[in-house]
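The structure under discussion appears below in the form of structure tokens.
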Amino acid sequence: MTPKEIELFFHHLAAANPNPQIELDFINAFTLLVAVVLSARATDKGVNKATKKLFEIADTPQKMVDLGEDGLSQLINTIGLYRSKARYIIELSKRLVQDFGGEIPTNREDLESLPGVGRKSANVILNTIFHEPVIAVDTHILRVANRTGLAHGKTPLEIETQLMARVPAHWRLQAHHWLVLHGRYICQARKPLCPRCPVREECHYPYKTTVI
Ligand code: SF4
């Protein structure tokens, strides 16, 4: 995609959704981190259903430690891989209490040192909580980038590196949200909804659909 096409691409996404929001429910930085860990290979909807009750009980690292792994597991057992996720969340809560005074670290290195937190999760926190213009590449962004020609690569890091170089600075803070939502609702994996796509003019995908 040319720089001009990329500019128009984000211009159209912004026009269609001027204020894109993350779809995971959270009430503070800690609960967002927990929701992000829970969302691995799970839908935001399924996570939100489970965290409604959980966050009423445990919205700080200390309360999560007090709830314990068994108590947490019972509250999140509708989510895939809940046992290992519960273990990670209790371990990361302990680390936050012991090493960070119960606060969420503000830098990537410390975030990624937490159990269960990888580069993508750290990027979600850095972007949503600390307003850093980083792009958390998930399966939707990987697909949208490759289809449209926005970036090309097999791994999230390859795509992230290219997007960070190509997406103009004035779009970068919101780019993550626009791309995720676009992949989730328009440029869907099985059948992209090209006839109602706001960026079909800029998109380079050779197999655009013509009917919905
Ligand atoms: S035109 Fe189709 S393939 Fe291209 S971004 Fe839009 S939905 Fe995806």
Atom pair CD/CZ of Glu91 and Arg87 - distance to nearest 0.5 Å: 7.0 Å

Which heavy-atom pair separates Leu13 from Pro198 by the least distance, and what is that distance? CD2-CG, 4.2 Å

Would you check if Arg196 and Ile186 make a side-chain contact, meaning some heavy-atom pair closer than 4.5 Å? yes

Do side-chain atoms of Thr209 reach the backbone of Pro192 as a donor and acceptor pair under 3.5 angstrom? yes

Not counting sequence neighbours, which residues clear ring-ring contact (aromatic ring centres under 6.0 Å, His included) with Phe130? List them please. none

Do the side chains of Met64 and Leu54 get nearer than 4.5 Å, heavy atoms only? yes

Between Leu126 and Leu92, is there shared hydrophobic-cluster membership here, with clusters defined by ILVMFWY side-chain heavy atoms closer than 4.5 Å? yes

When every non-hydrogen atom of Met1 is compared with those of Glu202, the smallest separation belongs to CE-O, 3.7 Å

Connected via hydrophobic side-chain network under 4.5 Å: Leu38 and Tyr82: yes

Give a yes or no on whether Val97 and Phe30 share a hydrophobic cluster (residues Ile, Leu, Val, Met, Phe, Trp, Tyr; joining criterion: side-chain heavy atoms under 4.5 Å apart). no

Please tell me if the side chains of Ile104 and Leu32 come closer than 4.5 Å, counting only heavy atoms from C-beta onward. no

Nearest-0.5 Å distance, CG of residue Leu111 to CD of residue Glu109: 10.5 Å

Validation row: Val117, Ile125 side chains within 4.5 angstrom (heavy atoms): no

Say whether, by atom type as modelled, one donor and one acceptor occur between the side chain of His176 and the main chain of Ala136 under 3.5 angstrom. yes

To the nearest 0.5 Å, atom NE2 of His170 lies from atom CZ of Phe10 at 9.5 Å

Within the 4.5 Å heavy-atom criterion, are Asn127 and Asn123 side-chain neighbours or not? no

Donor-acceptor contact present, side-chain Arg95 to main-chain Ser113, <3.5 Å: yes

Going through the checks in order, is the side-chain contact (heavy atoms from CB on, under 4.5 Å) test met by Phe26 and Asp59? CA-CA 9 Å; Phe26 65 99; Asp59 61 354; over 6 Å; no

Please collect all ring pair (Phe, Tyr, Trp, His ring centres under 6.0 Å) contacts where either partner lies in residues 177-200, sequence neighbours excluded, each pair once. Trp171-Trp178

With sequence neighbours excluded, tell me which residues meet side-chain contact (heavy atoms from CB on, under 4.5 Å) with Asp66. Gln62

Name all residues meeting the side-chain contact (heavy atoms from CB on, under 4.5 Å) criterion together with Lys49; count only those two or more places apart in sequence or in a different chain, and write none if there are none. none

The reported gap from CG in Leu193 to NZ in Lys208 (rounded to nearest 0.5 angstrom) is 14.0 Å

Check for me, please, whether Ile27 and Leu24 land in the same ILVMFWY cluster - side-chain distances under 4.5 Å, paths through other members count. yes

Out of curiosity, Ile89 CD1 to Lys94 NZ, how far, rounded to the nearest 0.5 Å? 13.5 Å

Residues passing the salt bridge (Lys or Arg N to Asp or Glu O under 4.0 Å) test with Asp25, sequence neighbours excluded, are none

More than 12 heavy atoms from other groups under 6.0 Å of OH on Tyr88: no

Would you mind listing every ring pair (Phe, Tyr, Trp, His ring centres under 6.0 Å) that reaches into residues 188-212, with sequence neighbours excluded? Tyr205-Tyr207

Here the side-chain hydrogen bond (donor to acceptor under 3.5 Å, both in side chains) pairs for residues 128-140, sequence neighbours left out, are His140-Arg143

Lys63 NZ: over 12 foreign heavy atoms closer than 6.0 Å: yes

Any Val34 side-chain heavy atom under 4.5 Å of Phe55 side chain: yes

Exercise: identify the closest heavy-atom pair between Glu5 and Thr2: OE1-N, 2.8 Å

Quick check: do Leu157 and Arg119 have side-chain heavy atoms less than 4.5 Å from each other? yes

Does any N or O in the side chain of Glu160 come within less than 3.5 Å of the main-chain N or O of Pro156, such that one atom is a donor and the other an acceptor? no

Inter-residue atom distance Leu114.CG - Leu33.CG, 0.5 Å rounding: 6.5 Å

The complete set of salt bridge (charged side-chain N to carboxylate O under 4.0 Å, His left out) pairs with one or both residues in residues 173-190, sequence neighbours excluded, reads Glu23-Arg184, Asp44-Arg184

Could you pull out every donor-acceptor pair under 3.5 Å between side chains of residues 144-153 and any protein atom, sequence neighbours left out?
from	atom 1	to	atom 2	distance (Å)
Asn146	OD1	Gly153	N	3.0
Asn146	ND2	Leu142	O	3.0
Asn146	ND2	Gly153	O	2.9
Arg147	NH1	Cys187	O	3.4
Arg147	NH1	Gln188	O	2.9
Arg147	NH2	Gln188	O	3.3
Arg147	NH2	Ala189	O	2.7
Thr148	OG1	Val144	O	2.7
Thr148	OG1	Ala145	O	3.3
Thr148	OG1	Leu150	N	3.2

Tell me, please, which residues at least two apart from Thr78 pass side-chain contact (heavy atoms from CB on, under 4.5 Å). Ala50

Any residue meeting side-chain contact (heavy atoms from CB on, under 4.5 Å) with Arg172, in chain and number order, not counting sequence neighbours: Pro133, Ile135, Met164, Val167, Ala169

Ile79 backbone acceptor or donor facing Lys85 side chain under 3.5 Å: no

If you look only at pairs with a residue in residues 27-42, which of them pass as a side-chain hydrogen bond (donor to acceptor under 3.5 Å, both in side chains), with sequence neighbours excluded? Asn28-Thr31

Using the rule that Ile, Leu, Val, Met, Phe, Trp and Tyr join whenever any side-chain heavy atoms are under 4.5 Å apart, tell me whether Leu75 and Ile90 fall into a single cluster. yes

Does Phe9 form a side-chain contact (heavy atoms from CB on, under 4.5 Å) with Leu179? I'd like the steps, not just the answer. CA-CA 10 Å; Phe9 182 96; Leu179 292 171; 3.8 Å; yes

